[in-house]
Number of protein chains: 2
Amino acid sequence: MSRSYTDVSDKAAACEAPETDDCPFADVLERIASKWSVQVILATAERPVRFTELENSIEGVSRRMLTLTLRRLERDGLLTRTVYPCVPPRVEYTATDSARELRDALQAVADWAERHRPTIAAARRNFDAEARNPVV
Amino acid sequence: MSRSYTDVSDKAAACEAPETDDCPFADVLERIASKWSVQVILATAERPVRFTELENSIEGVSRRMLTLTLRRLERDGLLTRTVYPCVPPRVEYTATDSARELRDALQAVADWAERHRPTIAAARRNFDAEARNPVV
DNA sequence: CGGCATCCCCCAGGATACTG
DNA sequence: CAGTATCCTGGGGGATGCCG
């Protein structure tokens with residue numbers, strides 16, 4: 001019996017060993033910071049959003065990773081999942097208050113990322129070029 | 001000839017295809033957000049910091065991952081690496097202006113993570129318990 | 001002190017196909 | 001529409017040992 005596709009339980013991030021004050025926020029940061037989380041949190045912070053809306057608005061995300069990201073955020077209490085029993089099914093995701101506290105900070109990071117994209121791309125090219133042609 | 005341990009060049013994050021406005025900031029976010037980056041940026045935003053200082057102050061980081069994280073941040077123009085030619089060697093890392101613009105936002109995220117650690121741990125336990133004993 | 005090299009495991013994450 | 005199931009690869013990331 002292998003762990004199912006939707007089993008997002010995570011021994012590594014189970015936050016054991018509370019007495020050693022382990023579970024440094026590296027774990028928490030990692031969760032927030034995983035490739036798609038920021039965009040999902042920002043998207044759901046304003047209003048309830050449907051699965052397909054997210055899939056369309058987040059460039060490059062796969063169905064699978066979107067599902068996993070949503071499950072993990074839900075597990076961590078950052079997202080609420082609401083199912084409306086109708087045909088066709090309708091599922092909405094909303095950021096919890098806890099997650100909404102993050103909004104401004106994450107938005108600031110996202111803005112920074114957007115502003116600095118060109119700079120970073122240039123820095124990378126520069127770094128790589130120097131590495132190939134060391135200044136001897 | 002395999003890619004060396006220090007070769008941090010990264011095709012995936014090379015930011016090609018500028019005409020399609022690809023390289024969505026998912027790439028940039030991922031770099032900033034990778035497990036140790038936030039703590040490294042925050043640590044170097046105040047003053048120059050030595051390698052070993054970082055190794056000691058960042059709980060749980062391995063020598064290898066610290067090195068890689070530093071290289072990548074340097075490559076992206078977020079960190080400056082200064083080598084003082086003396087014995088024993090002395091190497092200092094400092095956040096660039098670009099990275100320092102991130103400071104407040106990242107600090108806010110880190111503070112949030114610290115505040116919500118218990119909440120998140122509880123939410124996880126709760127979620128996992130419900131998953132095992134569905135409400136039928 | 002500040003790395004680099006090597007080995008190795010595991011999981012993030014993509015592709016594809018199927019379903020209630 | 002909103003997922004699951006399955007397969008697969010790359011690289012994140014730990015452990016250990018060596019070096020200028």
Side-chain angles (χ1 to χ4, degrees), chain A residues 1-14 24 26-27 29-37 39-40 48-74 79 81-93 131, chain B residues 1-14 24 26-27 29-37 39-40 48-74 79 81-93 131:
Chain A
M1 176 148 69
S2 65
R3 293 158 62 77
S4 120
Y5 165 67
T6 38
D7 183 359
V8 289
S9 70
D10 181 354
K11 289 77 62 135
D27 286 344
L29 285 179
E30 206 179 11
R31 184 55 42 90
I32 297 171
S34 79
K35 194 167 187 179
W36 309 106
S37 298
Q39 296 177 76
V40 169
V49 185
R50 300 180 63 171
F51 186 89
T52 315
E53 287 185 87
L54 288 170
E55 197 179 4
N56 292 331
S57 66
I58 301 182
E59 185 73 25
V61 71
S62 67
R63 209 182 217 63
R64 182 182 125 86
M65 284 317 299
L66 181 54
T67 303
L68 277 174
T69 303
L70 290 168
R71 283 293 172 287
R72 286 167 186 158
L73 291 176
E74 186 194 357
L79 238 51
R81 179 170 180 269
T82 312
V83 184
Y84 298 92
C86 56
V87 181
R90 176 186 188 87
V91 180
E92 286 184 348
Y93 294 90
Chain B
M1 174 149 67
S2 63
R3 294 158 61 76
S4 120
Y5 166 67
T6 39
D7 183 358
V8 289
S9 70
D10 181 353
K11 288 76 59 130
D27 287 344
L29 284 179
E30 207 178 10
R31 185 56 42 90
I32 297 171
S34 80
K35 194 166 185 178
W36 309 106
S37 297
Q39 297 176 76
V40 169
V49 185
R50 300 181 64 172
F51 186 91
T52 316
E53 286 184 89
L54 288 169
E55 197 179 3
N56 292 332
S57 66
I58 302 181
E59 186 73 24
V61 71
S62 68
R63 210 181 215 62
R64 181 183 128 84
M65 284 317 299
L66 181 54
T67 303
L68 277 175
T69 303
L70 290 168
R71 283 295 170 286
R72 286 168 185 159
L73 291 176
E74 186 193 358
L79 239 51
R81 178 170 181 269
T82 312
V83 183
Y84 297 92
C86 57
V87 180
R90 177 186 188 87
V91 180
E92 288 183 346
Y93 293 90

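Hydrogens, waters and symmetry mates play no part in the numbers below; they use all other heavy atoms, side chains included. Throughout, a chain's letter reflects where its sequence line sits, starting with A, and its residues are numbered from 1.
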Subject >> A/S37 side-chain N/O to A/R31 backbone N/O, donor-acceptor pair under 3.5 Å >> reply: yes

**OP:** Apply side chain to side chain contact (heavy atoms under 4.5 Å, CB included) to B/L68 and B/M65, showing your working.
**Re:** CA-CA 5 Å; B/L68 277 175; B/M65 284 317 299; 4.0 Å; yes

**OP:** Remember a base hit wins even if backbone is also touched, and classify B/R50 as base, sugar-phosphate or nothing at under 4.0 Å, heavy atoms.
**Re:** sugar-phosphate

**OP:** Could you tell me the separation between the NZ atom of A/K35 and the CD1 atom of A/I58, rounded to the nearest 0.5 Å?
**Re:** 12.0 Å

Original post:
B/R63 CZ to D/dA15 C1': how many Å, rounded?
Top reply: 12 Å

Original post:
Rounded to whole angstroms, how far apart are CD on A/E30 and P on C/dC11?
Top reply: 12 Å

Original post:
A/V61 and A/T69: side chain to side chain contact (heavy atoms under 4.5 Å, CB included), yes or no, with the steps?
Top reply: CA-CA 10 Å; A/V61 71; A/T69 303; 5.8 Å; no

**OP:** Compare the minimum distances between each of D/dG12, D/dG3, C/dG2 and the side chain of B/M65, then state the nucleotide with the smallest one.
**Re:** D/dG12

Original post:
Counting only side-chain N and O atoms of A/T67, is one of them less than 4.0 Å from OP1 or OP2 of D/dG3?
Top reply: no

Original post:
Tell me: CG of B/D7 to C1' of C/dC4, nearest whole Å?
Top reply: 13 Å

**OP:** Round to a whole Å and report the spacing from OH of B/Y93 to P of C/dC1.
**Re:** 15 Å

**OP:** Mind calculating the distance between CG (B/L70) and P (C/dG3) to the nearest angstrom?
**Re:** 7 Å

**OP:** May I ask you to evaluate whether B/K35 reaches the phosphate of D/dG14, defined as a side-chain N or O under 4.0 Å from OP1 or OP2?
**Re:** yes

**OP:** Side chain of A/V91 only, please: which of C/dG2, D/dG3, C/dG13 is the nearest?
**Re:** D/dG3

Subject >> Sugar-phosphate only, base, or nothing, as touched by A/Y84 at under 4.0 Å among non-hydrogen atoms >> reply: nothing

**OP:** Output, in order, the C-alpha distance, side-chain angles, deciding distance and verdict of side chain to side chain contact (heavy atoms under 4.5 Å, CB included) for A/Y93 and A/V40.
**Re:** CA-CA 9 Å; A/Y93 294 90; A/V40 169; over 6 Å; no

Subject >> Given C/dG13, C/dG2, D/dG13, the nucleotide with the shortest approach to the side chain of B/R64 >> reply: D/dG13

Original post:
If you check every side-chain atom of A/P89, which of D/dC1, C/dA12, D/dG3 has the closest atom?
Top reply: D/dC1

Subject >> Distance in angstrom units between A/I58 CD1 and C/dG13 C1', rounded >> reply: 15 Å

**OP:** Answer yes or no: does a side-chain N or O of B/R81 lie under 4.0 Å from OP1 or OP2 of C/dG3?
**Re:** yes

Subject >> Candidate nucleotides D/dA2, D/dC1, C/dG14, ranked by approach to the side chain of A/F51 - the nearest >> reply: D/dA2

Subject >> OP1 or OP2 of C/dG3 under 4.0 Å from side-chain N/O of B/R71 >> reply: yes

Subject >> Separation of C/dC1 P from B/L54 CG (nearest whole Å) >> reply: 14 Å

Original post:
CD of B/E55 versus P of C/dG2: gap in Å, rounded?
Top reply: 9 Å

